[in-house]
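All values below come from the heavy atoms of this structure, side chains included, with hydrogens, waters and symmetry mates left out. Quick note on labels: first sequence line is chain A, next is B, and so on, each numbered from 1.
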Amino acid sequence: MRRTVFFGLAVALVAGAACGPAKAAGDDTVRVSLNADIRSTTPGTNRDDNTDAVVLHVVEGLVAYRENGSVGPLLAESVEISPDGKTYTFHLRSGVKFHNGATMTADDVLWSWNRYMDPATEWRCLSEFDGRGRAKVEAIEAPDPQTVVVRLDAPNALFLSTLARPDCGMTGILHKDSVAADGSWIGPVGTGPYMLADWRRGEAITLRRFADYASLPGDADGFTGGKSPKVETVEFLVIPDASAAKAALVSGAIDLVPDISPADREELKDNPDIEIVAAETMGLNAILFQTRDPLMGNQKLRQAIAASLDTAQIVHAVTDGNSVPNNSVVPTASAYYTDVQRQGFTYDPARAQALLQEAGYAGEKIVMLTNNRYQSSFNTAVFAQAMMQAVGINVELEVLEWGTQLDRYSSGNYQMMAFPYSARLDPSLSFESMMGNKDEQPRKVWEDPEALELLARSMVVTDDAERQKIFDELHRRLIDQVPMIMLFNGSDLAAFNSRIEGYRPWAASKPRLWTVSIAG
Amino acid sequence: MLRFALTRIALAVPTLLIVAVSVFLLIRLIPGDPALLMLGDMADPHSLADFRRSHGLDQPLPVQFALWLGNLAAGDLGRSITTGQEVLPLIFDRFLVSATIVVVAVALASLVAVPAGMLAAWRQNSLTDLAVVAGATLLLSVPSFWLGLLLLLLFGMKLGWLPVVGYVPFGQDFGAALAYIVLPVATLVLVEVGVIARMARASTLEVLRLDYVTHARAKGLSELAVMGRHVFWNAFAPTWTLIGLILGNLLGGIAVVETVFTIPGLGRLLVDAIFARDYPVIQGCLLFIAGVYIVVNLVVDLLYPVFDPRVTA
């Protein structure tokens with residue numbers, strides 16, 4: 001029987017070896033793994049992180065995020081803001097081409113904007129601009145082909161940041177050819193450095209270089225800056241299993257895995273054909289408290305927990321030394337991260353025990369939720385539990401499936417949880433993700449009225465120095481009140497074949513293939 | 001036989017209806033909100049409300065069920081919440097991928113395991129028997145994800161003979177398609193060979209002890225004739241039932257193998273849909289799988305008399 005099996009296998013293997021697609025020398029294609037298929041090709045509608053990552057190679061907005069979280073012009077040459085903060089004038093770059101050869105004008109911006117504002121488009125950021133959010137867009141006009149004027153009903157410091165948000169599809173400017181006569185979506189005809197060539201659902205997405213791409217001068221800076229594409233074809237391959245992606249990288253079947261685990265880094269770092277680079281992201285990895293819980297509502301108890309945790313040790317252990325500790329909601333990569341934000345919680349077990357006594361804590365059981373999808377959340381919870389137990393806090397872990405934990409987070413039904421927030425590139429948005437009234441939104445973590453006022457001001461004030469003061473004050477209050485314990489922002493560890501050059505992960509956790517070239 | 005088949009098909013309708021109700025209710029009993037999973041932690045309450053409204057998730061459960069059942073009766077399984085694709089064509093596309101791998105794997109496994117099991121029974125207590133039983137037990141005990149990863153490591157990475165990830169349809173490029181399915185098929189073959197071989201051995205042993213086999217030997221028939229003409233057909237009937245069950249199980253999705261080898265099959269579709277709480281896809285997949293299981297079992301039952309004429313359909 002064995003002979004039969006081996007013979008069969010040998011035949012199959014030889015056939016496979018003979019027929020399998022081998023990578024040709026001089027191949028001008030970079031293959032990148034995606035851990036799940038994209039959801040659509042429509043910017044800012046049916047999307048997730050992978051969708052944004054792919055689509056933002058194809059479409060571009062008027063403004064885009066830089067690496068430090070500030071917003072800079074992309075399809076706009078410049079942006080003027082009126083003194084009252086309610087009128088934004090975008091001067092468009094000239095000579096920008098769409099993938100169909102048409103030249104971009106203010107009419108295209110108006111057409112795209114009207115499409116986004118049509119509820120039928122189901123743009124996820126509609127509520128930010130239609131009056132339900134911070135400020136309503138009252139009018140948008142095109143006084144000439146190179147100028148677009150947007151009028152708001154109130155000043156909004158986050159107007160440009162929201163336009164630039166990756167999950168809003170960067171409010172990408174599209175050509176009318178993107179939709180059919182009946183308004184149905186055909187495919188993105190954008191201005192990006194790559195064009196969508198093919199999407200085989202569940203398998204791969206292929207992008208082709210846009211030869212007429214109008215690049216800004218200089219180096220790539222986040223989603224803006226110089227973006228001249230160097231590689232002819234980029235292929236995103238859907239590989240859900242991390243081990244399979246690693247195997248594909250080592251075998252040369254793919255060139256780049258944008259986010260490997262710290263454990264995989266240890267395994268791959270000695271491979272001479274593989275290079276690994278890291279970058280701090282703007283995600284928020286934190287332990288949240290339900291401040292309305294009878295037990296966790298006790299501020300002294302929360303302070304005791306904060307004092308019991310050695311942030312540096314937890315972060316080193318959880319990220320294998322790839323991330324830096326950060327007790328601030330302002331990400332380390334942000335332009336607003338200063339010495340004030342560096343002042344975090346102090347690890348002091350003796351003080352933690354004293355605070356427990358002051359809190360009147362009598363060993364009541366505390367349940368901390370975590371999940372088994374995000375390893376960093378799980379490991380954070382395990383280390384935090386051990387440190388809390390060391391000072392006498394009776395904490396138990398409950399490990400949930402991610403969808404279940406998200407449900408508990410959304411309903412506020414928990415005492416403590418280790419939770420990963422996705423990256424927000426503006427500190428106001430980072431704070432806003434966890435601040436608010438729990439009666440209106442039970443998922444909110446921190447509802448101190450004075451802090452909420454400060455947050456609201458940070459969304460109106462446009463002066464950087466003024467905003468910095470607000471963020472500093474919010475940080476000090478957060479460290480004192482401990483509605484949550486921020487631990488680290490996390491990092492993207494990218495592993496790639498040494499035949500490609502120029503790849504750099506960055507704070508937004510989105511691969512950028514326009515920086516990449518093929519060696520030799 | 002026609003009456004038997006029609007009765008079985010008629011009985012399938014209430015079964016599928018029970019599956020439909022159970023699936024609809026059970027998936028909604030699991031905590032988790034499709035809107036939250038879809039829009040993520042950055043979603044504001046307005047976007048969540050918009051999303052629920054546009055997908056009918058804000059309707060009371062009985063209304064949602066009635067709408068779904070009404071559409072189901074018209075052959076419409078709805079659209080995926082995550083991708084917006086129509087569920088039925090999506091399931092068919094993915095099923096074809098899984099079915100190709102499963103049918104090839106089960107056929108190969110049967111071709112290897114049935115003769116091996118019969119050989120072991122024929123040479124009971126010999127070294128051959130011991131080797132087959134030990135090998136079958138070993139293969140039976142190996143988890144498919146681990147075996148898959150080992151094969152991937154050896155043939156994909158160390159030797160570099162086969163592609164490690166991806167899938168190419170046979171209609172697109174036959175050679176490449178073959179190369180891509182070798183490892184997943186080999187994984188399934190190795191896992192299933194153990195089960196089938198043990199069954200084939202056990203049923204052959206049972207038949208070998210019967211009087212008519214002794215009688216056949218006493219008539220002076222060669223061992224080949226005894227085994228081939230008299231033992232095989234009777235011993236194969238129970239194995240055939242087992243192969244049918246395996247086929248039904250595997251056609252319902254080989255999620256683990258599909259995940260390891262990055263194959264866009266039905267199992268992966270279902271697992272992804274469960275994690276995303278994509279209700280229409282989960283409901284569609286499970287109904288479809290139940291239907292496949294019923295059809296496969298019906299076919300197996302109808303073919304049973306071919307191997308064992310004592311049983312009439």
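- Looking at A:Arg47, the atoms closer than 4.5 Å to chain B (heavy atoms on both sides) sit in the backbone and in the side chain alike.
- Both the backbone and the side chain of B:Leu37 come within less than 4.5 Å of a heavy atom of chain A.
- A:Ala423 touches chain B through its backbone: at least one of N, CA, C or O sits under 4.5 Å from a heavy atom, while the side chain does not.
- With values rounded to the nearest 0.5 angstrom, A:Gln405 atom CD is found 12.0 Å from B:Leu36 atom CG.
- Annotation for B:Leu61: atom CG counts as buried by contact number, over 12 foreign heavy atoms lying within 6.0 Å.
- Between chain B and the options A:Val238, A:Ile38, A:Leu429, A:Asp241, heavy-atom pairs under 4.5 Å are most frequent for A:Asp241.
- Here the CG-NZ distance, from B:Leu149 to A:Lys246, works out to 9.0 Å after rounding to the nearest 0.5 Å.
- Interface residue A:Asp167: only side-chain heavy atoms are found under 4.5 Å from chain B.
- Note that the CE atom of B:Met157 and the CG atom of A:Leu249 stand 8.5 Å from one another [nearest 0.5 Å].
- The greatest number of non-hydrogen atom pairs below 4.5 Å with chain B, out of A:Ala244, A:Ala248, A:Ala247, A:Ala204, is found for A:Ala247.
- Taking CG of A:Leu237 as the reference point, atom OH of B:Tyr167 lies at 16.0 Å (rounded to 0.5 Å).
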- Item | Check against salt bridge (charged side-chain N to carboxylate O under 4.0 Å, His left out), A:Asp37 and B:Arg268 | CA-CA 12 Å; A:Asp37 198 5; B:Arg268 230 181 77 195; over 6 Å; no
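- Here CG of B:Leu159 is found 12.0 Å from OG of A:Ser251. Values are rounded to the nearest 0.5 Å.
- Listed options B:Asp33, B:Leu152, B:Asp50 were ranked by heavy-atom pairs under 4.5 angstrom with chain A; first place goes to B:Asp50.
- The closest side-chain heavy-atom distance from A:Arg443 to B:Pro45 is below 4.5 Å.
- Chain A forms more heavy-atom pairs under 4.5 Å with one residue of B:Asp44, B:Ile263, B:Val189 than with any other, namely B:Asp44.
- Residue contact with chain A, scored on non-hydrogen atoms closer than 4.5 Å, involves the backbone and the side chain of B:Leu39 alike.
- Across A:Trp402, A:Tyr421, A:Tyr409, A:Phe419, the residue that shares the most heavy-atom pairs under 4.5 angstrom with chain B is A:Tyr421.
- The candidate with the highest count of non-hydrogen atom pairs below 4.5 Å against chain A, out of B:Arg94, B:Lys158, B:Arg277, is B:Arg277.
- B:Phe275 approaches A:Arg373 most closely through the heavy-atom pair CB-NH2, 3.9 Å.
- With a threshold of 4.5 angstrom between heavy atoms, A:Glu128 approaches chain B through side-chain atoms but not through N, CA, C or O.
- With a 4.5 Å cut-off on non-hydrogen atoms, A:Ser422 touches chain B through its backbone and its side chain both.
- Here the closest non-hydrogen pair linking A:Gly202 and B:Pro264 is O-CB, 3.9 Å.
- Between the CD1 atom in B:Ile81 and the CG atom in A:Asn46 there is a gap of 10.5 Å [rounded to 0.5 Å].
- Looking at A:Ser433, neither its backbone nor its side chain comes within 4.5 Å of chain B, counting heavy atoms on both sides.
- Counting heavy-atom neighbours within 6.0 Å of A:Lys438 NZ, excluding the residue itself, gives a total above 12.
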